[in-house]
Amino acid sequence: MDPVTLSTARLHLRPVGPHDTDSVYAAAQDPDIQRWTSIPSPYLHEHARGFTEQLVPLGWAKDSMFTFGVFLPGPGDLVGVLSLTTRSPGTSEIGFWATKEHRGNGYTTEAVAAASRWAFTDLRTDRVEWRAEVGNEPSRAVAERAGFAFEGTLRSAIVHAGVRRDCWVGSLLPSDLGLPPSAPYLPADA
């Protein structure tokens with residue numbers, strides 16, 4: 001798929017590229033980002049370069065991972081990074097982080113909602129999953145504000161820093177945003 005740009009009332013979401021390497025590198029020095037995400041730690045400039053020059057373009061080219069940088073209009077400050085990774089037909093997993101200086105403004109929630117809507121309408125996704133290590137309360141708050149339904153805890157479901165850990169899981173469906181699904185859905189309580 002050709003990379004796309006999304007816009008919200010306050011943000012521009014576009015694929016990060018080589019010109020964003022320094023911004024990604026600087027943001028990823030934040031200990032909270034390294035603690036709660038799967039990025040390498042310590043995070044070196046070569047990691048940022050591999051991400052912006054290889055991983056992101058390859059994900060778009062293979063329709064496997066759609067990564068957006070989240071930017072403010074005008075000066076174009078990096079607010080965060082968000083990815084939708086195809087896990088199975090019709091299911092994507094969303095992951096995100098926010099720069100320290102832009103947390104608490106609702107930007108990440110706004111970006112997650114916009115990217116999820118795009119996944120439902122353009123990728124024909126019928127389920128966007130969110131996962132976070134148990135204890136990552138800021139990530140859970142973003143997911144819930146964006147409309148994700150908390151579904152529970154998965155034991156030993158993620159690996160972080162070489163250690164298996166429990167994670168929370170939630171989902172967002174097209175109907176949660178008033179959109180039709182691409183395939184019929186029969187809930188268990190129907």
request  = Say whether Leu58 and Val4 are linked into one hydrophobic cluster, either directly or through other cluster members, by side-chain heavy-atom distances under 4.5 angstrom.
outcome  = no
query = Between the side chains of Thr86 and Ser64, is a donor N or O closer than 3.5 angstrom to an acceptor N or O?
reply = no
request  = Apply the test side chain to side chain contact (heavy atoms under 4.5 Å, CB included) to residues Val112 and Thr108: give CA-CA distance (whole Å), side-chain angles for both, the deciding distance (0.1 Å), then the verdict.
outcome  = CA-CA 6 Å; Val112 166; Thr108 306; 4.2 Å; yes
key: Side-chain donor or acceptor of Asp126 paired with backbone N/O of Gly90 under 3.5 Å   = no
key: Whether His160 side chain and Arg35 backbone form a donor-acceptor pair below 3.5 Å   = yes
message = Quick check for you: to the nearest 0.5 Å, what is the distance between Thr5 atom OG1 and Trp118 atom CH2?
response = 10.5 Å
key: Sub-6.0 Å ring centroid separation between Phe71 and His12   = no
message = For Glu110 and Thr8, which I'm curious about, is there any donor-acceptor pair between the side chains at under 3.5 Å?
response = yes
key: Side-chain heavy atoms of Ser41 within contact of Tyr43, under 4.5 Å   = no
ask   = side chain to side chain contact (heavy atoms under 4.5 Å, CB included) between Ser139 and Trp130: does it pass, once the steps are laid out?
value = CA-CA 9 Å; Ser139 181; Trp130 157 84; 2.8 Å; yes
task = Report yes or no: is the cationic atom of Arg131 (NZ for Lys, CZ for Arg) closer than 6.0 Å to the six-membered ring centre of Trp168, at no more than 45° off its axis?
result = no
query = Quick one: does Tyr107's side chain get under 4.5 Å of Leu72's, heavy atoms only?
reply = yes
inquiry  = Main chain of Arg87, side chain of Glu93: is a donor-acceptor contact present, judged purely on distance under 3.5 Å?
reply    = no
remark   = To the nearest 0.5 Å, atom OG1 of Thr109 lies from atom CD of Glu144 at 10.5 Å
task = Please say whether the positively charged group of Arg140, taken as NZ for Lys or CZ for Arg, lies over the ring of Phe150, i.e. under 6.0 angstrom from the six-membered ring centre and within 45 degrees of the axis.
result = yes
task = Could you tell me if the ring centre of Phe96 sits under 6.0 Å from that of Trp36?
result = no
ask   = Atom CG in Asp166, atom CG in Leu154: separation rounded to 0.5 Å?
value = 8.5 Å
query = Charged N to carboxylate O under 4.0 angstrom, Asp30 versus Arg103?
reply = yes
ask   = Shortest non-hydrogen contact from Ala27 to Leu78?
value = CB-CD2, 4.3 Å
query = So how far is it from Ser182 OG to Leu123 CG, rounded to the nearest 0.5 Å?
reply = 10.5 Å
key: Minimum-distance pair of heavy atoms, taken over all atoms of Pro174 and Thr125   = CG-O, 4.0 Å
Common cluster, Leu44/Trp97, ILVMFWY with side-chain heavy-atom separation under 4.5 Å = no
ask   = Is it true that atom CZ of Arg164 has more than 12 heavy atoms of other residues, nucleotides or ligands lying nearer than 6.0 Å?
value = yes
task = Determine the minimum heavy-atom distance between Met1 and Phe66, stating which atoms define it.
result = SD-CE2, 3.9 Å
query = Which atom pair, heavy atoms only, marks the closest approach of Ile158 to Ala132?
reply = CD1-C, 4.5 Å
query = Tell me, do Asp20 and Arg14 make a side-chain contact under 4.5 Å, heavy atoms counted?
reply = yes
inquiry  = Side-chain heavy atoms nearer than 4.5 Å, only ILVMFWY residues, links allowed to pass through others: does that put Val128 and Val169 together?
reply    = no
ask   = Can Leu177 and Leu172 be said to form a side chain to side chain contact (heavy atoms under 4.5 Å, CB included), step by step?
value = CA-CA 8 Å; Leu177 300 181; Leu172 188 68; 4.1 Å; yes
ask   = Are the side chain of Asp122 and the backbone of Ala119 linked by a donor-acceptor contact shorter than 3.5 Å?
value = no
query = Phe148 and side chain to side chain contact (heavy atoms under 4.5 Å, CB included): which partner among Leu173, Asp176, Ile94?
reply = Ile94
inquiry  = Quick check: closest heavy atoms across Pro3 and Trp60, and the distance to 0.1 Å?
reply    = CA-CE3, 3.4 Å
key: N-O pairing of Arg127 and Glu151 below 4.0 Å   = yes
request  = Starting from the C-alpha separation in whole Å, work towards a yes-or-no answer on side chain to side chain contact (heavy atoms under 4.5 Å, CB included) for Leu84 and Met65.
outcome  = CA-CA 6 Å; Leu84 286 157; Met65 185 170 67; over 6 Å; no
task = Please name the pair of heavy atoms, one in Ser83 and one in Thr67, separated by the smallest distance, quoted to 0.1 Å.
result = OG-OG1, 2.8 Å
request  = For residues His45 and Thr21, determine if any side-chain heavy atom of one lies less than 4.5 Å from a side-chain heavy atom of the other.
outcome  = yes
